[in-house]
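Report on the structure given below.
Whatever order the structure lists ligands and atoms in, that order sets their numbers, starting from 1. Just so it is clear, the structure is predicted and the values come from calculations on it, not from any experiment. As a basis for the values below, the full set of heavy atoms in this structure was taken, side chains included, without hydrogen atoms, waters or symmetry mates.
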Amino acid sequence: MSSDNIISEPMPRHIAIIMDGNGRWATAKGLPRTAGHSAGMTSLEKIVRFCSDSGVKYLTVYAFSTENWKRSSVEINGIFKIMVLYIKKEIDELDRKNVRMCPVGEWSDIPGAAAKSMQYAADRTAGNDGLVFNIALNYGGRREITDAFRDIVKEYKESGKELAPEDIDENLISEHMYNPEAADPDLIIRTGGEKRLSNFMLWQCAYSEFVYSDVLWPDFGPDELMKCIKEFNSRHRRFGGLDKE
Ligand code: IPE
Ligand code: IPE
Ligand code: MG
């Protein structure tokens with residue numbers, strides 16, 4: 001990917017990616033599904049680097065859903081091991097590039113080393129003010145909204161105030177999402193050919209643009225990302241209003 005391409009397209013402020021197709025990529029090559037997740041890690045390295053270099057402010061990737069626990073323990077443990085490896089391998093460069101890593105979801109419930117290495121990455125990069133890299137781990141959109149309401153009720157209870165219906169508005173709910181600072185994604189990309197959200201960012205996607213790519217995540221690189229961004233830049237976002245004359 002040449003730097004000309006980077007400069008010639010305006011970049012969305014917040015890109016969110018449903019990284020799908022690792023299993024099919026591996027199966028097509030006669031490999032175990034975990035080999036697909038390893039190859040997916042290499043794609044993630046390239047995409048994070050590219051987004052950091054090209055001035056994207058927020059990148060959110062869907063790495064493990066609250067529904068992915070339905071998979072075999074071999075695959076689940078494989079995914080978590082790969083994440084630990086990813087942090088080990090990439091944290092120095094991420095930190096050097098001023099990237100701030102923010103795990104989102106119920107990631108701290110994950111057993112073993114994965115939660116610890118996410119905590120380490122979050123703590124180590126907390127002071128960085130470049131790309132904000134949200135990694136959605138044990139994440140579910142419905143769980144996020146449920147957690148937001150629980151937190152609101154808890155805060156009111158702790159402060160001794162009574163929660164009145166009119167206290168709840170969209171801003172208050174948004175402020176209680178996992179990373180409220182990241183606001184809403186402008187562009188949501190799903191790789192791997194499926195056309196659904198699979199419980200991703202249900203609250204934040206109200207006015208996101210959706211771009212679907214048939215490319216399986218391990219084959220997805222900066223060139224494919226730029227195609228998605230070109231498509232995004234060709235869209236007219238009206239937010240319920242009308243196009244300007
Ligand atoms: C996405 O790839 C990664 C995770 C869900 C963890 P998949 O593992 O869902 O790959 P396919 O969809 O089976 O090909
Ligand atoms: C969505 O992919 C979750 C992640 C990419 C982490 P899935 O492969 O789990 O989604 P479904 O099962 O096809 O809806
Ligand atoms: Mg899938």
Keeping [X] on the side-chain end and [Y] on the backbone end, is there a donor-acceptor pair under 3.5 Å?
{"X": "Asp167", "Y": "Ala164", "value": "yes"}
{"X": "Ser52", "Y": "Val48", "value": "no"}
{"X": "Glu144", "Y": "Tyr178", "value": "yes"}

Aromatic ring pairing Phe200/Tyr139, orientation class (parallel under 30°, perpendicular over 60°, tilted between):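 Aromatic pair Phe200/Tyr139 classed perpendicular.
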Nearest neighbour in protein (non-hydrogen) for [atom]:
{"atom": "atom 10 (O) of ligand 1", "answer": "Gly23 N, 2.9 Å"}
{"atom": "atom 5 (C) of ligand 2", "answer": "Met19 O, 3.5 Å"}
{"atom": "atom 9 (O) of ligand 2", "answer": "Asn68 ND2, 2.9 Å"}

Relative to the heavy atoms of [X], which atoms of ligand 2 are at a distance of less than 4.0 Å?
{"X": "Phe64", "result": "6 (C)"}
{"X": "Ile18", "result": "5 (C)"}
{"X": "Ser198", "result": "1 (C), 10 (O), 11 (P), 14 (O)"}

Ligand 1 atoms in contact with [X] (distance to a heavy atom under 4.0 Å):
{"X": "Ile79", "value": "6 (C)"}
{"X": "Asp20", "value": "1 (C), 2 (O), 7 (P), 9 (O), 10 (O), 11 (P), 12 (O)"}
{"X": "Arg24", "value": "11 (P), 12 (O), 14 (O)"}

Sole residue of Ile189, Ile188, Leu187 in side-chain contact (heavy atoms from CB on, under 4.5 Å) with Ser208: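 The single option meeting the side-chain contact (heavy atoms from CB on, under 4.5 Å) with Ser208 is Ile188.
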Stepwise side chain to side chain donor-acceptor pair (under 3.5 Å) check, Gln204 with His14: CA-CA 11 Å; Gln204 298 89 338; His14 185 172; over 6 Å; no
Atom 12 (O) of ligand 2 protein-contacted (non-hydrogen atom, under 4.0 angstrom):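 So atom 12 (O) of ligand 2 lacks protein heavy-atom neighbours under 4.0 Å.
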Residues, nucleotides or ligands: over 12 heavy atoms within 6.0 Å of Lys97 NZ: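 More than 12 within 6.0 Å, yes.
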Separation between CD1 of Ile168 and CG of Leu163, rounded to the nearest 0.5 Å: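 Spacing of CD1 (Ile168) from CG (Leu163) equals 4.5 Å.
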From Ser198 atom OG to Tyr62 atom OH, the distance as rounded to the nearest 0.5 Å: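 The OH atom of Tyr62 is 6.5 Å from OG of Ser198, to the nearest 0.5 Å.
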Salt bridge flag under 4.0 Å for residues Asp129 and Arg100: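 No, this pair does not count.
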Contact with ligand 1 for Gly192, non-hydrogen, under 4.0 angstrom: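 Judged by the 4.0 Å heavy-atom criterion, Gly192 does not count as contacting ligand 1.
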Option of least heavy-atom distance to atom 2 (O) of ligand 2 (set: Arg196, Arg190, Glu194, Arg71):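 Nearest option to atom 2 (O) of ligand 2, by heavy atoms: Arg190.
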Thr27 contact mode with ligand 1 (heavy-atom cut-off under 4.0 Å):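 For Thr27, no heavy atom sits under 4.0 Å from ligand 1.
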Short N/O/S contact of Asp20 with the Mg ion (ligand 3) (below 2.8 Å):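 Within the cut-off used here (under 2.8 Å), Asp20 does place an N, O or S atom near the Mg ion (ligand 3).
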Location of contacts on Ala63 toward ligand 2, heavy atoms closer than 4.0 Å: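 The answer is the backbone of Ala63.
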